[in-house]
Structure formats: C-alpha cells, structure tokens
Amino acid sequence: MAQLGQKFDATAHDTTQSDYSELPNGVYELEIEASDIKATSAGSGTVLKTTFVVLRPEEFAKRKLFGNYNLENSNAQAQEIGQKQFASLCRAIGVRDVEDSEDLHFKAFTVKIGLGKPAKDGQYPACAEIKRYYFSDEGQLPEPAIDAEQPRTPPANDNRQPAANSNNRPAAATGTTGKRPW
C-alpha cells in the first residue's frame, strides 16, 4: 500500500477517454514536444526518441506520434537509414546544425503520415509513421489534410485463430541410397 499524501477526488477531473486509434493517412503539421537520447536495446548504439504533437489538421490537434532515429548503430545500414531520416527531419524544421535535440522542439514542420507495417513477429500491429518530410526550401508546402482513401486493416484486437498451416511441401527427395540428402 502507498499513501498518496493527500486525499484525491477523482470526480474533480475530466475522465473523457479517447479510442486511441491510429492517425489516418494524410499530410500533417507537427512539432516536437519532447526528445531523449537512449542506448539501443542491444546497447551498441544511440537512438533519439521523439514525441511529436499534431498542430494541423485541427480535428487531430494535440494527438501524439512517436518516432525514433537511429543515430549510431553497429549495423552500418541501420545507422545510415537513421541518419538520413534525422537529416530529413532537420531540413524539414529548417535547422542545419544540431548539438542538442531541444534545438528541434516547438518548430512546426510538414510531413506525410501513413500506416506502417506490423512487426514481423506479429507482436505489434501496424501503426502510423512518418512516410515523407516536406521541405520549405523546395517551394510550396502542401496544406494539412486527411487522405480521402484510407487503408483497410484488421483491428488490433483481432482474436480469430490463424488459418490452418497449409504448407504443402513436396516429399523429401531421396538419393539412390534411400537416405534423405540432408
């Protein structure tokens, strides 16, 4: 048991709940409201973890989106991808040199958000992610808007049993000795 130090009145607070559905595909104006540098799960690199907040379209204002940028990694390809994504973020914000991630906070930028892929192991469903950054130095930025066409995805809590394994492999090949080749 833990003492709260005061009496808490739950009726004094708004308890309206959201359905926490993913952001629909579309063009959004975002800003970073929080960031943190962490070690990768394997401990062999550095990840910048960011919390974005939606500014526009208005109907999704104040919703959150989370992103990770692999800044250092023992896997050269993962590091290259992460650094390209981070460079795109910086360019979209209009920042050239960054020493502290707080230099990126509360500066509006425009992106295309789309539904990503679920985890390969099936542990996590598909979630909204940044698919493209728009750069003001290239000219006209698109207006934030939700795409008319949205992908159809099964609900995250789909409890149906998977289809029976229909992996019809051919019979194992046998050599002249009658033994399997492996």
Side-chain angles (χ1 to χ4, degrees), residues 18-147 149-158:
S18 170
D19 66 357
Y20 298 106
S21 61
E22 291 299 329
L23 289 170
N25 291 2
V27 175
Y28 289 80
E29 185 178 26
L30 307 175
E31 68 182 13
I32 297 174
E33 71 172 9
S35 61
D36 196 14
I37 296 286
K38 296 280 188 182
T40 59
S41 58
S44 61
T46 305
V47 174
L48 174 66
K49 295 182 169 282
T50 56
T51 302
F52 304 106
V53 63
V54 173
L55 301 175
R56 293 189 309 149
E58 274 299 315
E59 65 208 77
F60 295 99
K62 298 184 182 177
R63 290 278 306 268
K64 309 273 190 222
L65 181 72
F66 303 95
N68 296 325
Y69 298 90
N70 227 332
L71 300 179
E72 296 174 345
N73 198 294
S74 58
N75 179 318
Q77 184 178 16
Q79 180 172 306
E80 179 183 0
I81 291 168
Q83 289 181 353
K84 281 182 175 182
Q85 291 171 336
F86 186 62
S88 293
L89 170 67
C90 291
R91 184 175 171 198
I93 290 175
V95 174
R96 184 179 175 142
D97 298 316
V98 180
E99 287 188 48
D100 189 324
S101 63
E102 286 192 22
D103 296 342
L104 305 172
H105 291 197
F106 307 110
K107 296 179 180 176
F109 61 101
T110 305
V111 297
K112 172 74 173 171
I113 290 179
L115 194 61
K117 295 180 181 174
K120 289 180 183 176
D121 62 5
Q123 186 174 357
Y124 301 106
C127 61
E129 62 185 31
I130 295 174
K131 297 290 190 177
R132 178 181 181 196
Y133 295 87
Y134 293 100
F135 309 124
S136 59
D137 62 1
E138 287 184 342
Q140 189 70 21
L141 292 176
E143 278 297 311
I146 303 306
D147 293 350
E149 297 279 326
Q150 295 292 321
R152 292 194 40 88
T153 57
N157 63 347
D158 186 357

* **Heavy-atom closest contact (Gly116 atom, Ala126 atom, distance)** => O-CB, 3.1 Å

* Structure fact -> Distance col, row Lys107:NZ vs Cys90:SG, nearest 0.5 angstrom, shows 10.0 Å

* Structure fact -> Between Ser88 and Phe135, the two heavy atoms sitting closest are O-CE2, 3.3 Å

* Heavy atoms only: give me the nearest Val111-Ile113 pair and the separation to one decimal. => CG2-CG1, 3.8 Å

* To do: Give the intermediate values and the outcome of side chain to side chain contact (heavy atoms under 4.5 Å, CB included) for residues Ile130 and Leu30.
  => CA-CA 11 Å; Ile130 295 174; Leu30 307 175; 4.2 Å; yes

* To do: Report yes if the side chains of Asn25 and Leu115 come closer than 4.5 Å at any heavy-atom pair, otherwise no.
  => yes

* Structure fact -> Rounding to 0.5 Å, atoms CG (Asp36) and OG1 (Thr51) come to a distance of 9.0 Å

* Asked: Rounded to the nearest 0.5 Å, how far apart are CD of Glu29 and CG of Leu141?
  -> 8.5 Å

* Asked: What distance separates His105 NE2 from Thr50 OG1, expressed to the nearest 0.5 Å?
  -> 8.5 Å

* Show your reasoning for whether side chain to side chain contact (heavy atoms under 4.5 Å, CB included) applies to Leu65 and Val54. => CA-CA 8 Å; Leu65 181 72; Val54 173; 5.7 Å; no

* Structure fact -> Taking every heavy atom of Ala108 against every heavy atom of Leu55, the minimum-distance pair comes out as CB-CD1, 3.8 Å

* **Beyond-backbone contact of Ile32 with Ile93, side-chain heavy atoms, under 4.5 angstrom** => yes

* Check: Gln79 and Asn70 side chains under 4.5 Å, non-hydrogen atoms -> no

* Point-to-point distance, once rounded to the nearest 0.5 Å, from CD of Gln83 to CG of Asn73 -> 10.0 Å

* Asked: For Glu72, does its backbone N or O pair with a side-chain atom of Thr46 as donor and acceptor, under 3.5 Å?
  -> no

* Asked: According to the ring pair (Phe, Tyr, Trp, His ring centres under 6.0 Å) rule, which pairs have a member within residues 24-68, sequence neighbours left out?
  -> Phe52-Phe109

* Asked: Rounded to the nearest 0.5 Å, how far does CD of Glu102 lie from OG of Ser35?
  -> 6.0 Å

* **Lys64 atom NZ: more than 12 heavy-atom contacts under 6.0 Å** => yes

* **Any donor-acceptor N/O pair, Asp147 side chain to Glu149 backbone, under 3.5 Å** => no

* Taking all non-hydrogen atoms of both residues, which atom of Asp100 and which atom of Val98 are closest, and how far apart? -> O-CG1, 3.5 Å

* Count the heavy atoms of every other residue, nucleotide or ligand shown that sit under 6.0 Å from NZ of Lys131, and state whether that count exceeds 12. => yes

* Asked: Is the closest side-chain heavy-atom distance between Leu71 and Ile37 below 4.5 Å?
  -> yes

* So do Arg91 and Glu138 actually touch side chain to side chain, heavy atoms under 4.5 Å? -> yes

* Crowding at CD, Gln77 (>12 non-hydrogen neighbours, <6.0 Å) -> no

* Asked: Which atom names give the shortest non-hydrogen contact between Ala128 and Glu22, and what distance separates them?
  -> N-OE1, 2.9 Å

